[in-house]
A.B. asks: 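Dropping the structure in here first, questions after.
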Amino acid sequence: MEQLATVWRAMVLDRDPDADVRDLPGVAVRWADSRFAFWNCVTLTETGVGPDLLAERLGRAADIMRSKGRAGFLWVFEDLLDDEARAGLPEAAGRAGLTLAFSGTGMAGDLLPLPEPTHPELTFVRVATEEQLRAYADLNSRAYGMPLEDGRDGLLGSTLWKKEVHAYLGMRGDVPVTCAGAVEADGRLFVALVATDPRWERRGYGEVVTRKALYEGARATGLTRATLHATAAGAPVYPRIGFVPNSPLHFFALAG
């Protein structure tokens with residue numbers, strides 16, 4: 001959760017210097033009001049949350065989301081909740097006007113240094129130009145079933161993604177087919193926006209480009225521990241690199 005709050009502060013302010021970035025009691029807001037829904041984020045931040053406090057925090061988060069012009073997600077890390085609140089989360093979310101969009105898993109690991117990654121079908125290019133950043137955005141849009149303009153709205157024009165994120169494209173010849181980024185955050189490398197073109201899945205591309213981003217990030221920073229938030233679809237990839245699942249993670253959207 002702390003890694004999310006740290007990284008998303010930078011990502012959201014990079015997208016819009018006037019973005020809504022606030023740390024409220026029990027709720028962190030990281031909201032760029034971008035067409036790229038992942039840059040519109042609210043997350044719960046307290047530990048040991050019981051049912052009554054959960055209901056209050058979910059209601060506050062939903063109110064914030066309703067006040068915005070663009071859709072986004074409330075991120076809930078299960079391990080912040082006590083057993084009773086965890087069991088009642090779906091019903092409590094429903095009462096707050098929220099619906100489960102998808103689930104995932106937080107992961108971390110002391111996994112670096114890695115050997116330099118290679119793949120017989122790919123070469124790697126670090127994102128440094130607007131054209132490469134557009135390709136990175138388009139891969140994420142395709143992977144997550146979004147219109148291309150949504151991903152481009154989130155990433156085009158970013159200095160952070162071209163300068164500070166170790167963002168890599170995996171190329172088949174001249175065609176970008178996969179991507180991953182790693183960025184320094186509070187003594188960790190945080191992996192973000194891993195995506196593979198659906199036409200090129202199940203070839204090991206996502207794993208190897210993630211390894212590339214981590215390898216280059218570790219070389220540049222000297223960091224050896226990494227964290228990420230995996231969707232259910234991507235989760236099987238990361239333990240092969242050395243990540244260990246910790247907290248289940250749920251993404252809620254406004255209902256209706």
Side-chain angles (χ1 to χ4, degrees), residues 1-8 11 27-28 30 36-49 54 57-58 61 72-93 98-112 114 139-140 143-146 165 178-196 198 201-202 204-214 217 223-253:
M1 176 274 294
E2 290 172 352
Q3 286 277 290
L4 170 67
T6 297
V7 174
W8 253 239
M11 298 295 180
V27 176
R30 306 286 187 267
F36 187 57
F38 287 113
W39 287 172
N40 306 331
C41 164
V42 181
T43 189
L44 305 189
T45 57
E46 294 156 304
T47 59
V49 173
L54 176 63
R57 298 304 189 224
L58 291 174
F73 299 108
L74 166 66
W75 302 42
V76 179
F77 294 85
E78 261 195 31
D79 286 358
L80 298 180
L81 312 179
D82 71 16
D83 290 344
E84 187 178 356
R86 193 175 304 157
L89 176 60
E91 293 78 9
L98 297 163
T99 185
L100 180 66
F102 55 96
S103 293
T105 307
M107 298 190 187
D110 294 303
L111 53 116
L112 300 166
L114 295 169
L139 283 167
N140 274 270
Y144 291 104
M146 300 177 183
V165 181
T178 190
C179 64
V183 64
E184 185 174 357
D186 288 344
R188 310 284 189 270
L189 284 172
F190 183 90
V191 176
L193 300 191
V194 178
T196 298
E201 291 178 336
R202 290 171 173 74
Y205 292 175
E207 178 180 343
V208 73
V209 77
T210 301
R211 287 178 178 272
K212 178 65 173 177
L214 286 166
L223 297 173
T224 60
R225 186 166 178 82
T227 61
L228 57 80
H229 303 127
T231 62
V237 169
Y238 301 112
R240 296 199 293 265
I241 303 174
F243 285 94
V244 178
N246 44 53
S247 178
L249 171 62
H250 306 290
F251 297 78
F252 291 92

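The figures that follow rest on heavy atoms only: side chains count, while hydrogens, waters and symmetry mates do not.
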A.B. asks: Is the distance between the ring centroids of F251 and H229 under 6.0 Å?
C.D. replies: no
A.B. asks: For the atom pair CZ (F243) and CG (L111), what is the distance rounded to the nearest 0.5 Å?
C.D. replies: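 Going from the CZ atom of F243 to the CG atom of L111 covers 5.0 Å.
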A.B. asks: Which pair of heavy atoms, one from A108 and one from R225, lies closest together, and at what distance?
C.D. replies: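 For A108 and R225, the tightest heavy-atom pair comes out as CB-NH2, 3.5 Å.
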A.B. asks: Determine yes or no for a side-chain-to-main-chain donor-acceptor pair under 3.5 angstrom, with T105 supplying the side chain and P245 the backbone.
C.D. replies: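 No; judged by distance alone, with no hydrogens or angles, the pair does not exist.
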A.B. asks: Are the side chains of D79 and M1 in contact, using a 4.5 Å heavy-atom criterion?
C.D. replies: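 No, every pair of side-chain atoms sits at 4.5 Å or beyond.
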A.B. asks: Say whether, by atom type as modelled, one donor and one acceptor occur between the side chain of R30 and the main chain of A5 under 3.5 angstrom.
C.D. replies: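 Yes, the answer is positive, given that a donor and an acceptor are paired below the 3.5 Å cut-off.
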A.B. asks: Before you tell me yes or no, could you show the steps for L228 and V194 under side chain to side chain contact (heavy atoms under 4.5 Å, CB included), namely the whole-Å CA-CA distance, both residues' side-chain angles and the distance that decides it to 0.1 Å?
C.D. replies: CA-CA 10 Å; L228 57 80; V194 178; over 6 Å; no
A.B. asks: Could you check, using the six-membered ring where one of them is a Trp, whether W75 and H250 have ring centers closer than 6.0 angstrom?
C.D. replies: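 When the ring centroids of W75 and H250 are compared, they turn out to be at least 6.0 Å apart.
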A.B. asks: Does the pair E184 and R188 meet the rule for a salt bridge (Lys or Arg N to Asp or Glu O under 4.0 Å), with working shown?
C.D. replies: CA-CA 6 Å; E184 185 174 357; R188 310 284 189 270; over 6 Å; no
A.B. asks: Taking atom CZ of F252 and atom CG of L100, what is their separation to the nearest 0.5 Å?
C.D. replies: 5.0 Å
A.B. asks: Other residues, nucleotides and ligands only: do more than 12 of their heavy atoms fall within 6.0 Å of CD on E201?
C.D. replies: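 Yes, because the 6.0 Å sphere around CD of E201 holds more than 12 heavy atoms from other groups.
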A.B. asks: Is there a side-chain contact between W8 and F190 (heavy atoms, below 4.5 Å)?
C.D. replies: yes
A.B. asks: Would you please say whether a donor-acceptor pair under 3.5 Å links the side chains of D186 and T6?
C.D. replies: yes
A.B. asks: Only counting residues at least two apart or in another chain, list the ones meeting side chain to side chain donor-acceptor pair (under 3.5 Å) with E46.
C.D. replies: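 Partners of E46 under the side chain to side chain donor-acceptor pair (under 3.5 Å) test: R57.
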A.B. asks: Does L189 reach the side chain of L214, with side-chain heavy atoms less than 4.5 Å apart?
C.D. replies: yes
A.B. asks: To the closest 0.5 Å, what do you measure between CG (L4) and CG (L249)?
C.D. replies: 8.0 Å
A.B. asks: Among side-chain atoms of Q3 and T227, is any donor-acceptor pair under 3.5 angstrom?
C.D. replies: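 Result is yes, a qualifying pair exists.
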A.B. asks: Would the number of heavy atoms belonging to other residues, nucleotides or ligands and lying under 6.0 Å from CD of E91 be above 12?
C.D. replies: yes
A.B. asks: If you compare all heavy atoms of A213 against all heavy atoms of A182, which two are closest, and at what distance to 0.1 Å?
C.D. replies: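 Of all heavy-atom pairs spanning A213 and A182, the closest is O-CB, 3.7 Å.
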A.B. asks: Holding to ring pair (Phe, Tyr, Trp, His ring centres under 6.0 Å), I want the full list of residues that pass it with F36, two or more places apart in sequence or in another chain.
C.D. replies: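 F38, W39.
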A.B. asks: For a 4.5 angstrom cut-off between non-hydrogen side-chain atoms, does L81 reach V76?
C.D. replies: yes
A.B. asks: Which pair of non-hydrogen atoms, one from A92 and one from L54, has the smallest distance, and what is that distance?
C.D. replies: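 Minimum heavy-atom separation between A92 and L54: CB-CD2, 4.2 Å.
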A.B. asks: Quick check: do T210 and I241 have side-chain heavy atoms less than 4.5 Å from each other?
C.D. replies: yes
A.B. asks: Can L58 and L98 be said to form a side chain to side chain contact (heavy atoms under 4.5 Å, CB included), step by step?
C.D. replies: CA-CA 8 Å; L58 291 174; L98 297 163; 4.2 Å; yes
A.B. asks: Do the side chains of L80 and T45 get nearer than 4.5 Å, heavy atoms only?
C.D. replies: no
A.B. asks: Compare all side-chain heavy atoms of L139 with those of T178 and state whether any distance is below 4.5 angstrom.
C.D. replies: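 With C-beta onward as the side chain, the pair stays apart.
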A.B. asks: Mind running side chain to side chain contact (heavy atoms under 4.5 Å, CB included) on T231 and F102 for me, showing each step along the way?
C.D. replies: CA-CA 8 Å; T231 62; F102 55 96; 4.2 Å; yes
A.B. asks: Take L44 and L74 through the side chain to side chain contact (heavy atoms under 4.5 Å, CB included) test and state the conclusion after the steps.
C.D. replies: CA-CA 8 Å; L44 305 189; L74 166 66; 4.2 Å; yes
